[in-house]
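Computation of the quantities below employed the complete heavy-atom set of this structure, encompassing side-chain atoms and omitting hydrogens, waters and symmetry-equivalent molecules. Residue numbers run from 1 in the order of the sequence given.
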Amino acid sequence: MAQELKKATKPTWYDPLNSASPADQPVLKVYNSLTKEKVEFRSANGKTVKWYNCGPTVYDAAHLGHARNYMSQDIVRRILVDYFGYDVHFVMNITDIDDKIIIRARHNHLLDQLRATSTVLSESLLAQANEAWHAYFTSKLKGVAQPKSDSPADLDAAWSELLTKEKSDEKWWSEAKAADEKFTMHIASLRKAKEAINRAVIAINSNQATQADASALIDAASDVLAPYLDAKLGSSLTDPAISRRLAAHWESAFYADMSKLRILPADTVTRVTEYVPEIVQFVQRIVSNGYAYATDDGSVYFDTRAFDGGKARSGVQGSEQEWNHFYAKLQPGKKGNKEALEEGEGALSTGASKRFPSDFALWKASKPGEPAWPSAWGMGRPGWHIECSVMASEIFGDNMDIHSGGIDLCFPHHDNEIAQSEAYHDCRQWVNYFLHTGHLHIEGLKMSKSLKNFITVQDALEMYSARQLRLAFLGQLWSSPMDFKQSTMLEVKARESSINNFFSVVKALVLESRSNNVASDQQHHYNESEKELAAFLTETQNAFRASLCDSFNTPDALDRLLELISRTNVYLQRGRSNINVGVVERVAGWVTKMLRMFGLGEGPATRGTIGWGEVEMEGVAVDVDRDTILMPYLKALSAFRDGVRQLAIQQASAKEILALCDKLRDEDLAPLGVALDDQEDGKALVKLVNPDVLLRARDEKAAANAAKAAKKAASAEAERAKKAARLEKGKIPPTEMFKPPNVEDGLYGSWDTKGIPVTDTEGKDISKAKSKKLAKEWEIQDKLHREWKEWLEAEKGE
């Protein structure tokens, strides 16, 4: 008798995580400038992240350093949102009032005025340019050049001596550059202006000076004229619209550049000029808390000595919660760095009234020629550091998860932000994680607006695509310095090409598989090779996650993707009849998703998308009619058919038919975005590729072939010339080689039938030894002469 079933009970369920070690589950860690190490990332409010980013000071074009900074932050932001699933509120400020903006706006305005009033190149304008040149030389290079006096003659003599040292004393010149990083820039500005002044003198002396000459002088000497005019007239410019116009122009240009770089816009944008009342209230509270003081001129300074070590009012005395404030949390070693502190205060600030060198301005009393707002201390304007503290506090309150910016802002800007914010809120930690992107150098050289050696975003995008720049930045740790080199970009282009090829092959295989709609052959096609590739995909996904958990290590993560592509390409070499398209599609789909997560995609993402995607172009109708779509392809097919028929009628050779096939591939289908990839089975794999990519590849191939042919032709010509030079001696027949004018007149008296000398001029017989030597020379010349005649005939035949 069969045993009865046991009474139904609930089976035991085993938690799969119990068998996994915690070390096997990577957690997100970020490099925190506050700790100088990687620490676990924990947002204060679940999956919500409050992130404030220092935006641009809008007084000039965005450059490649900005691109690296904002694109790196964009990449980290995308990873947090699209990979780790955080809800990020991203706030960015625009500094639209600042010493740099005021100075640049006044300079531009005064130069424009000078251009408008200079209707002709006059002695007066020339005198202004000379005065400006001498003033610039005195202010920038007097200490280096050491002129005898400030007279124009002595300054010009010192300039001439400098130019002599540039050529004759390399050691002195190198030391001067090392002592002042702006030395080369000053020399360039002075040189350019002096050359323009000299040209102006010639034009005036020739009585042919025009308004165009005046404009040319002003443009070339603008670097020396601008500060000269500002010193004289800057204080008279009271219209605040002068600064606002400049800031508005460059803010708009900044957004346009960021859009071209495909950098996501901020969720919230704050502008300093929109928060001035809040800034005044913020400063008043810091004064009330005892951490700032007003001066007689109407400025307010942060008291670093009162704050550093000062007891927090919110701390509980006598308990573990009692604590003191700390100044310069990010870079405490730079507390007394005079150069950094002065740079942080701005070019228009003297700081003469502050109590201690490390104190910094919260509110600046406005001088004539500077924008001004009302406050309890008189008309003034915000200090640079206070703006971010106020705007971030208005949005996020007394604490935020992330604050970011370039490493150059670390001290004093961010350290001062922290100090004044913690003084205002009387809090222990205003920012939990400070993320600083590394410096960018160009071929090893520092890039800076102040040094005038920067590459604008616009210039960079003329050389490289936004995707290529992003790939370059992904290839470097966001927090590390980066040297932007041509060799780096060549490697980036190679990587991009590898990914392009992978996507085009997989898309073609998937499209072909779906269009064929082949019935099952009763084979599952999921054998050992497919299992290995699927297992490697899983391994890559785990390693990829570990890389991103390691402080957003994008270089390692990108390498993992490229290794997966390489492994899949090896699998594809089995031939399309021996591969499982579904496995390949899964790999390509995940690679696509990760690359798009990094911000490398184009256009909207759709389910099943493989590849970069396509940019949606304005003005292109969605409901394009069938004829418009098909006609270009039908015309190409019809033209090819006509060509084949014609060749068949003419009984053309196979070579001519193959040439027509190549024409279809390279000239007719490439502009339509169709690539034909010849396969081992004799059937071409049809790929749909961006037409620009195909045309560029075709043109590059044609250029390479042309260069190769030109090189071959040049080599042949060089060989021909070399041979011609050697055979040039063979032009003389051997029968004439020992007769004048080929030898000295009167050297020989008689010759035999071959033209070999028999006697000398006095009738004496030539010695046997010499006759033997002459006969040997005759044989050599006879051979050369015959070779020369053969070569000549061959040349005529060609």
Side-chain angles (χ1 to χ4, degrees), residues 54-61 93-111 139-140 182 185 223 226-251 254 271-273 275-276 279 283 295 297-302 337-354 357-373 375 377-391 405-406 408-409 411-414 416-417 420 448-452:
C54 269
T57 300
V58 283
Y59 71 99
D60 206 339
N93 77 293
I94 297 291
T95 298
D96 58 350
I97 188 65
D98 172 82
D99 288 33
K100 292 175 182 176
I101 294 173
I102 296 168
I103 293 170
R104 179 63 62 84
R106 291 197 317 215
H107 285 185
N108 289 354
H109 182 78
L110 291 169
L111 287 171
S139 66
K140 305 299 183 184
K182 296 183 180 180
M185 182 191 75
D223 285 351
Y228 167 81
L229 294 170
D230 191 57
K232 284 193 164 189
L233 305 169
S235 61
S236 66
L237 303 179
T238 57
D239 185 1
I242 293 173
S243 293
R244 283 204 298 267
R245 276 196 302 270
L246 178 82
H249 169 78
W250 287 117
E251 181 182 351
F254 172 79
R271 296 176 187 83
V272 182
T273 54
Y275 280 83
V276 175
I279 289 172
V283 173
T295 58
D297 67 347
S299 297
V300 180
Y301 286 92
F302 188 83
N337 189 315
K338 183 181 178 184
E339 183 180 352
L341 289 164
E342 288 179 353
E343 186 176 351
E345 290 299 270
L348 295 175
S349 304
T350 62
S353 59
K354 63 183 179 180
S358 63
D359 294 351
F360 54 90
L362 300 177
W363 183 260
K364 299 179 179 182
S366 292
K367 298 185 288 294
E370 298 177 6
W373 288 265
S375 76
W377 314 283
M379 298 299 288
R381 57 189 177 88
W384 177 35
H385 313 298
I386 194 69
E387 59 185 56
C388 290
S389 293
V390 174
M391 293 185 289
D408 53 310
L409 299 178
F411 183 90
H413 184 54
H414 287 158
N416 288 352
E417 271 189 52
Q420 61 203 8
S448 164
K449 277 188 179 179
S450 63
L451 297 177
K452 297 183 180 178

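- Interatomic distance, CG of L110 versus CG of L229, reported as 5.5 Å (0.5 Å rounding).
- For the pair E339 and N337, the minimum side-chain heavy-atom distance is below 4.5 Å.
- In this structure a side-chain-to-backbone donor-acceptor pair under 3.5 Å is missing from K364 to W384.
- Inter-residue side-chain proximity for P371 and I97 is flagged as met; some heavy-atom pair is nearer than 4.5 Å.
- Counting only distance, with no hydrogens or angles, the side chain of K338 and the backbone of L341 share no donor-acceptor pair below 3.5 Å.
- Considering I94, D96, V390, T57 in turn, D96 is the only one that fulfils the side chain to side chain contact (heavy atoms under 4.5 Å, CB included) rule with V272.
- Partners of E370 under the salt bridge (charged side-chain N to carboxylate O under 4.0 Å, His left out) rule, at least two apart in sequence or in another chain, are K367, R381.
- Under a 3.5 Å cut-off, the side chain of S243 and the backbone N or O of P240 do not form any donor-acceptor pair.
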Requested in this report: Go through the steps to decide whether D98 and Y59 satisfy the test side-chain contact (heavy atoms from CB on, under 4.5 Å), and finish with yes or no.
Outcome: CA-CA 9 Å; D98 172 82; Y59 71 99; 5.9 Å; no
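- For the pair H413 and C54, the minimum side-chain heavy-atom distance is below 4.5 Å.
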Report task. Start with the C-alpha distance between H385 and E345, add both sets of side-chain angles, then the distance that settles side-chain contact (heavy atoms from CB on, under 4.5 Å), and finish with yes or no. Result -> CA-CA 9 Å; H385 313 298; E345 290 299 270; 3.8 Å; yes
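- Here the side chain of N93 pairs no donor or acceptor atom with the backbone of C388 at under 3.5 angstrom.
- In this structure, CG on L409 lies 11.5 Å from CG on N416, to the nearest 0.5 angstrom.
- In this structure, CZ in F302 is found 8.5 Å from CG in D359, a value given to the nearest 0.5 Å.
- To the nearest 0.5 Å, the span separating CG on D239 from CZ on R106 amounts to 13.0 Å.
- Legend: residues meeting side-chain hydrogen bond (donor to acceptor under 3.5 Å, both in side chains) with Q420, ordered by chain and number and at least two apart, are S389.
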Report task. Before giving the answer on side-chain contact (heavy atoms from CB on, under 4.5 Å), spell out for Y301 and S353 the whole-Å C-alpha distance, their side-chain angles and the decisive distance to 0.1 Å. Result -> CA-CA 9 Å; Y301 286 92; S353 59; 3.6 Å; yes
Requested in this report: Assess whether side-chain contact (heavy atoms from CB on, under 4.5 Å) is satisfied between I103 and L348, documenting all intermediate values.
Outcome: CA-CA 8 Å; I103 293 170; L348 295 175; 3.8 Å; yes
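- Rounding to the nearest 0.5 Å gives a distance of 12.5 Å between NE2 of H249 and CZ of R245.
- Listed by chain and residue number, R271 satisfy the salt bridge (charged side-chain N to carboxylate O under 4.0 Å, His left out) test with E251 (two or more places apart in sequence, or in another chain).
- With 3.5 Å as the limit, one finds a donor-acceptor pair spanning the side chains of S375 and W363.
- A 4.5 Å side-chain heavy-atom check between H414 and E417 finds at least one atom pair inside the cut-off.
- The structure places NE2 of H107 at 10.0 Å from CG of L237, a figure rounded to the nearest 0.5 Å.
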